[in-house]
2 protein chains.
Amino acid sequence: MTSSCIIRHFEHYAELGPEEKELLASLEKAPKSFPKGSLVWQQGMDSDYFFTVHSGWACSLRNMENGSRQVLDFYVPGDVIGLREFAFRRRISNMMTITDAILCPFPKQHLTDLFARSRLLCNLFFMMAARDQAILIERLINLGRRSAREKVAHFLLEMAHRLDKACADIADCNHLPLTQVLMADALGLSTVHVNRTLNELKQQSLTASASDGVVILDREQLSKVAGFDPEYLQEDVESLLHNISDAPTLVNNSSGG
Amino acid sequence: MTSSCIIRHFEHYAELGPEEKELLASLEKAPKSFPKGSLVWQQGMDSDYFFTVHSGWACSLRNMENGSRQVLDFYVPGDVIGLREFAFRRRISNMMTITDAILCPFPKQHLTDLFARSRLLCNLFFMMAARDQAILIERLINLGRRSAREKVAHFLLEMAHRLDKACADIADCNHLPLTQVLMADALGLSTVHVNRTLNELKQQSLTASASDGVVILDREQLSKVAGFDPEYLQEDVESLLHNISDAPTLVNNSSGG
DNA sequence: CGATGGATTGACAATATTCAAAGACAGTGG
DNA sequence: CCACTGTCTTTGAATATTGTCAATCCATCG
């Protein structure tokens with residue numbers, strides 16, 4: 001089918017040598033198709049695969065004993081999902097598609113191998129893990145110290161920015177396929193309150209609703225409402241690459257010198 | 001002074017070869033002493049160093065425009081702090097000591113070098129980054145979908161468990177040097193409400209207060225209150241090591257085979 | 001001893017939740 | 001083309017939870 005989506009993703013950050021491409025390609029099994037609402041994995045299962053998101057959206061979530069749930073993060077095309085489970089034998093959260101999606105699995109145990117073979121890829125993976133953390137802490141701030149209005153606004157903007165970077169070419173980045181229920185569970189609010197908050201924003205023409213989700217109309221104004229600063233989404237690939245080429249060469253990989 | 005605290009930390013996870021010890025030791029500058037309340041680093045500064053916590057507690061936090069703040073995580077002896085900043089040129093949050101503390105700095109740019117030289121250390125660092133994420137998502141769930149009572153209880157238990165693993169030998173792990181203000185800022189609550197919640201717990205003899213913090217009296221009962229499950233704190237080092245020894249040897253590092 | 005940082009309290013207000021019911025909309029099958 | 005179904009959205013009223021303000025208390029420290 002489509003050629004390796006993992007390669008496409010990493011090329012987004014740095015130029016890859018032929019060996020690196022080969023390495024990445026070898027990790028990737030056939031892309032797998034998941035209809036909307038599929039459980040990609042479930043808490044407690046063996047964490048044996050990572051995935052890249054080729055198309056569609058997914059989210060990780062945790063079901064609580066009392067029936068409520070917390071959505072931890074959403075994933076858009078280009079994202080790598082599951083790195084968080086590297087430290088654990090079993091999955092620590094559920095992963096669900098929220099639109100029809102195509103995901104590209106690759107086995108977790110090969111990551112260790114890859115780390116040894118390509119310094120560049122190793123560093124890029126580490127960078128992605130760090131970025132994931134940055135996103136999580138911003139979500140933490142969102143949950144802890146912002147009003148419902150700010151929460152909704154900030155969240156929408158984050159997702160739009162992530163779309164910008166990942167797939168400005170193939171999608172309308174102001175159009176987010178999110179139900180109010182999902183947003184509520186992500187923001188720690190009730191559905192009813194998300195609805196009311198969203199309606200406020202609509203009345204000010206900052207957002208609108210589409211048949212299958214939310215639409216951002218006015219990013220600038222919305223940024224003011226949210227106090228949004230996209231800095232935490234901008235990785236510093238440049239100095240990473242610089243560090244890599246500075247370090248003594250011990251491994252026989254390419255990636256110029 | 002003290003011999004390398006980084007080595008001590010990593011030996012907690014796996015047996016290190018002499019080369020790995022050397023590598024780690026070379027990273028570490030002289031341990032540095034910080035009085036209680038020091039700003040170790042500030043948002044926006046160059047993120048050029050990581051630290052291990054040798055003694056004392058620290059926390060990362062973000063100051064909000066409206067004067068409030070969000071504490072992101074606390075760090076206890078043995079923790080590595082700053083991995084999150086790997087992807088970024090500038091620090092994305094503040095780091096502050098909350099007791100007198102000794103931290104061991106090591107330069108960020110050497111991490112890349114280290115990744116190339118020791119497969120074991122590379123994987124362990126990656127594992128720690130994944131664990132950090134696990135802690136963050138648990139804090140997320142805490143903020144999003146638990147009552148004040150559950151928040152406080154869950155948080156106290158997490159910190160106690162982390163102390164258990166890190167320094168059961170040198171400290172009373174039920175004794176946490178946390179003010180109510182800090183807890184409030186970590187849990188997204190007001191100080192007043194933390195106080196009331198804590199008083200409830202005290203009246204049920206689940207916790208008590210000491211001159212310099214909180215004391216956990218009854219972990220079992222508190223776990224019930226919180227719905228606490230420590231699984232997310234247990235890394236699976238064993239299968240990680242297994243994966244490492246399975247992977248083909250390309251790098252000239254030790255760590256048996 | 002006064003100064004400081006933290007803990008505690010009460011009264012009141014704001015914010016968000018719950019419950020329950022109805023409306024909108026797309027997809028399905030007759 | 002229409003009724004039927006399921007999912008998502010919208011609304012109102014009552015309630016619960018948590019926040020704010022302001023004052024007091026308490027211990028520690030120089």
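Numbered from 1 within each chain, the chains take letters A, B, ... in sequence-line order. Given the structure is predicted, the values throughout are model-derived calculations rather than measurements.
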Check your understanding: In whole angstrom, what separates B:Leu187's CG from D:dT18's C1'?
Key -> 13 Å

Practice item. Decide, yes or no, whether a salt bridge links B:Glu65 with A:Arg145 under the criterion of side-chain N to carboxylate O below 4.0 Å. Key: no

Check your understanding: Taking the side chain of B:His193 as its heavy atoms from C-beta onward, which of C:dG10, D:dT18, D:dT11 lies nearest to it?
Key -> D:dT18

Nucleotide N/O to protein N/O under 3.5 Å, stretch nucleotides 5-8 of chain C:
from	atom 1	to	atom 2	distance (Å)
C:dA7	OP2	B:Gln180	N	3.0
C:dT8	OP1	B:Lys202	NZ	2.9
C:dT8	OP2	B:Gln180	NE2	2.8
C:dT8	OP2	B:Asn195	ND2	2.6
C:dT8	O5'	B:Asn195	ND2	3.2

Review point. How close or far is atom P of D:dT10 from atom CE of A:Met183, stated in whole angstroms?
Key: 11 Å

**Study point:** Bending between helix ends of the helix from C:dC1-D:dG30 to C:dG30-D:dC1 [5 pairs per end, 10° resolution]
**Key:** 40°

Check your understanding: Which residue pairs pass the ring pair (Phe, Tyr, Trp, His ring centres under 6.0 Å) test when at least one of the two sits in residues 157-181 of chain B, sequence neighbours left out?
Key -> B:His161-B:Phe228

Review point. How close or far is atom C1' of C:dA16 from atom CZ of B:Arg146, stated in whole angstroms?
Key: 19 Å

Practice item. Output yes when B:Asp218 and B:Lys224 qualify as a salt bridge under the 4.0 Å nitrogen-oxygen rule, no when they do not. Key: no

Check your understanding: Over how many whole Å does the gap from A:Leu182 atom CG to D:dC8 atom C1' extend?
Key -> 11 Å

Check your understanding: Looking at B:Asp46 and B:Arg91, does any basic side-chain N land under 4.0 Å from a carboxylate oxygen?
Key -> no

Check your understanding: For the pair made of NZ in A:Lys151 and C1' in C:dT17, what is the distance, rounded to whole Å?
Key -> 12 Å

Check your understanding: Are A:Arg84 and A:Asp132 ion-paired here, with the side-chain N under 4.0 Å from a carboxylate O?
Key -> no

Check your understanding: Between B:Glu85 and B:Lys108, is there a salt bridge with N-O shorter than 4.0 Å?
Key -> no

Point to revise | Residues, nucleotides or ligands: over 12 heavy atoms within 6.0 Å of B:Lys32 NZ | key: no

Check your understanding: Tell me: CZ of B:Arg145 to C1' of C:dA16, nearest whole Å?
Key -> 11 Å

Review point. Should the pair B:Glu138-A:Arg62 be classified as a salt bridge under the 4.0 Å nitrogen-to-oxygen rule?
Key: yes

Point to revise | Side-chain donor-acceptor pair present, A:Arg219, A:Asn174, cut-off under 3.5 Å | key: yes

Point to revise | Spacing between B:Leu189 atom CG and C:dA16 atom P, to the nearest angstrom | key: 14 Å

Check your understanding: C:dT9 C1' sits how many Å from B:Arg196 CZ, rounded?
Key -> 7 Å

Review point. Which part of the nucleic acid, if any, lies within contact of A:Gly37, taking any heavy atom under 4.0 Å across all strands shown: a base, the sugar-phosphate backbone alone, or nothing?
Key: nothing

